[in-house]
Amino acid sequence: MTFPDPISEWRKSSASGPENCVEVSLGRPVKVRDSKVCEGPCLVVGSAAWGSFLDSLSGHYAAS
């Protein structure tokens, strides 16, 4: 985990609600954080791992 870079552009998930808020910064590396705790730590993920994660989601939702 690392602390967020204040200059990163963060995007909130379209599925976020009042209790489950996630934001992503799509730089290199990709960063994920809880949008309710913007100054808190974030998860840092390599670009290849992020791409694999997204691929796995699209396969899951296509089968539903």
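This one's a predicted model, so the numbers in the text were calculated from it and none came from an experiment.
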Give the C-alpha distance, both sets of side-chain angles, the deciding distance and a yes or no for side chain to side chain contact (heavy atoms under 4.5 Å, CB included) between Asp34 and Val22. CA-CA 5 Å; Asp34 180 344; Val22 176; over 6 Å; no

Pair Val44-Val30, side chain to side chain contact (heavy atoms under 4.5 Å, CB included): steps then yes or no: CA-CA 6 Å; Val44 178; Val30 175; over 6 Å; no

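Every residue was checked against the salt bridge (charged side-chain N to carboxylate O under 4.0 Å, His left out) condition with Lys12, not counting sequence neighbours, and none meets it.
Atoms CZ and CG, on Arg33 and Leu43 in that order, are 13.0 Å from each other to the nearest 0.5 Å. Taken from CD in Glu23 to OG in Ser35, the straight-line distance is 4.5 Å, to the nearest 0.5 Å. Taking CG of Leu26 as the start and OG of Ser47 as the end, the distance is 9.0 Å to the nearest 0.5 Å.
The list of ring-ring contact (aromatic ring centres under 6.0 Å, His included) pairs with a residue in residues 16-40, not counting sequence neighbours, is empty. Residue pairs that meet the ring-ring contact (aromatic ring centres under 6.0 Å, His included) test with at least one member in residues 11-49, sequence neighbours left out, do not exist here. Residue pairs satisfying the ring-ring contact (aromatic ring centres under 6.0 Å, His included) criterion with at least one member in residues 11-39, sequence neighbours excluded, are absent. Within the structure, ring-ring contact (aromatic ring centres under 6.0 Å, His included) pairs that include any residue of residues 14-50 comprise Trp50-Phe53 (at least two apart or interchain).
Residues Val45 and Pro29 approach most closely at O-CB, 3.4 Å, considering heavy atoms.
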